[in-house]
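Only one structure is covered here, and it is reproduced in the block below.
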Amino acid sequence: MRKYLVLFLLSSFVGIAQNLNEYKYAILPSKFTFLKEENMYNLNLLSKMYLQKYGFETYYNNEAAPEDFVNSNCNKIFIDVLENSTMFITKLNVVVKDCKGIIIATSDQGISREKEYQVAYNEALRMAFADFSILKSHQYQPSEKNRGMIGEPLQKEVAQDQMFEKKYKAMATENGYNLLSVASDYKIFQLFRTTSKEVFIAKRDSVSGVLQKRDSNWFFEYYEGTVLKSELINITF
């Protein structure tokens with residue numbers, strides 16, 4: 001009996017994983033319902049970074065997006081984060097839904113016993129995403145029904161121009177790097193290490209954000225008002 005149960009669960013996992021492979025895009029709310037502000041504690045940005053790491057082109061529900069993303073609700077998955085915290089433990093789950101609002105998958109619970117909200121929410125969300133095997137195994141493979149319908153995002157074409165216009169060389173510092181303009185040798189960015197080798201806290205003049213590596217390219221992401229901006233950066237380390 002146990003053998004058949006294991007086989008059933010395994011086949012269910014494979015089926016869901018294959019189903020997710022048909023999706024190129026993911027959409028996130030700019031504000032989770034259990035929080036008061038957009039991107040509070042950087043949870044929305046952190047979620048977006050994980051989804052991009054797992055191969056999804058990800059947009060917020062209030063963000064400009066490619067035409068093929070906008071025109072069909074069923075070419076994307078919808079991501080939400082739910083809270084089930086107690087007085088002393090922060091508990092978060094990541095939920096994946098299809099275009100009909102049907103739950104496709106739910107992560108194991110990410111938990112934290114940290115007292116500070118910022119630390120606790122980030123720790124719990126990282127745990128939920130890091131252990132979410134179905135998302136981690138995602139490899140986009142367009143099905144026959146959406147092959148040709150889903151093209152390359154417009155934003156990628158724009159960023160490609162930015163990459164060649166903005167070239168930087170990295171100079172090591174005690175806590176990370178300074179990025180110097182190749183053309184003028186002037187310091188443009190300050191980068192500060194995080195626990196991931198592919199993610200830096202980044203500062204350019206008065207603008208703060210994150211620099212992260214995706215598909216062998218580096219992107220600087222930051223907020224301009226309530227709009228998330230993403231710039232492709234050409235760096236020589």
For Tyr121 and Glu83, run side-chain hydrogen bond (donor to acceptor under 3.5 Å, both in side chains): C-alpha distance rounded to whole Å, both residues' side-chain angles, the deciding distance at 0.1 Å, then the answer. CA-CA 10 Å; Tyr121 277 121; Glu83 181 187 32; 2.6 Å; yes
Single-linkage hydrophobic cluster [X]~[Y], side-chain heavy atoms < 4.5 angstrom:
X: Phe189; Y: Val207; value: yes
X: Met49; Y: Ile134; value: yes
X: Tyr41; Y: Val210; value: yes
X: Met127; Y: Leu135; value: no
X: Leu92; Y: Leu82; value: no

Going from [atom1] on [X] to [atom2] on [Y], what distance comes out if it is rounded to the nearest 0.5 angstrom?
X: Leu211; Y: Arg204; atom1: CG; atom2: CZ; value: 10.5 Å
X: Tyr177; Y: Gln190; atom1: OH; atom2: CD; value: 15.0 Å
X: Leu232; Y: Phe219; atom1: CG; atom2: CZ; value: 4.5 Å
X: Leu46; Y: Arg126; atom1: CG; atom2: CZ; value: 5.0 Å
X: Arg214; Y: Glu198; atom1: CZ; atom2: CD; value: 11.5 Å
X: Ser85; Y: Tyr117; atom1: OG; atom2: OH; value: 9.0 Å

Heavy-atom closest contact ([X] atom, [Y] atom, distance):
X: Asn21; Y: Gln139; answer: OD1-N, 2.8 Å
X: Ser30; Y: Asn61; answer: N-OD1, 3.1 Å
X: Phe200; Y: Lys197; answer: CE1-O, 3.9 Å
X: Arg113; Y: Glu123; answer: N-OE1, 4.2 Å
X: Pro29; Y: Tyr60; answer: O-CD2, 3.8 Å
X: Asn44; Y: Met40; answer: OD1-N, 4.0 Å

With no hydrogens and no angle check, is any side-chain donor or acceptor of [X] less than 3.5 Å from a backbone partner on [Y]?
X: Asn175; Y: Arg193; answer: no
X: Asn122; Y: Leu125; answer: no
X: Lys48; Y: Tyr59; answer: no
X: Asn39; Y: Leu45; answer: yes

Under 6.0 Å from the NZ atom of Lys91, do we count more than 12 heavy atoms belonging to anything else shown? yes
Could you label the plane-to-plane angle of the Tyr54 and Phe129 rings as parallel, tilted or perpendicular, counting under 30° as parallel and over 60° as perpendicular? tilted
Hey, can you tell me if Phe32 and Phe34 have their rings parallel, tilted or perpendicular (30° and 60° cut-offs)? parallel
Are Lys24 and Asn75 side-chain neighbours, meaning at least one heavy-atom pair lies under 4.5 Å? no
Using a 4.5 Å cut-off on heavy atoms from C-beta on, say whether the side chain of Lys97 contacts that of Ile104. no
Does NZ or CZ of Lys203 come closer than 6.0 Å to the centre of the six-membered ring of Phe192, within 45° of the ring's axis? no
Ring centres of Tyr168 and Phe220 under 6.0 Å apart? no
Set of residues satisfying side-chain contact (heavy atoms from CB on, under 4.5 Å) with respect to Ala26, sequence neighbours excluded: Leu51, Phe56, Thr58, Ile77, Ile79
Take Lys169 and Leu179 through the test side-chain contact (heavy atoms from CB on, under 4.5 Å) and record every step on the way to the result. CA-CA 6 Å; Lys169 58 184 178 181; Leu179 295 188; over 6 Å; no
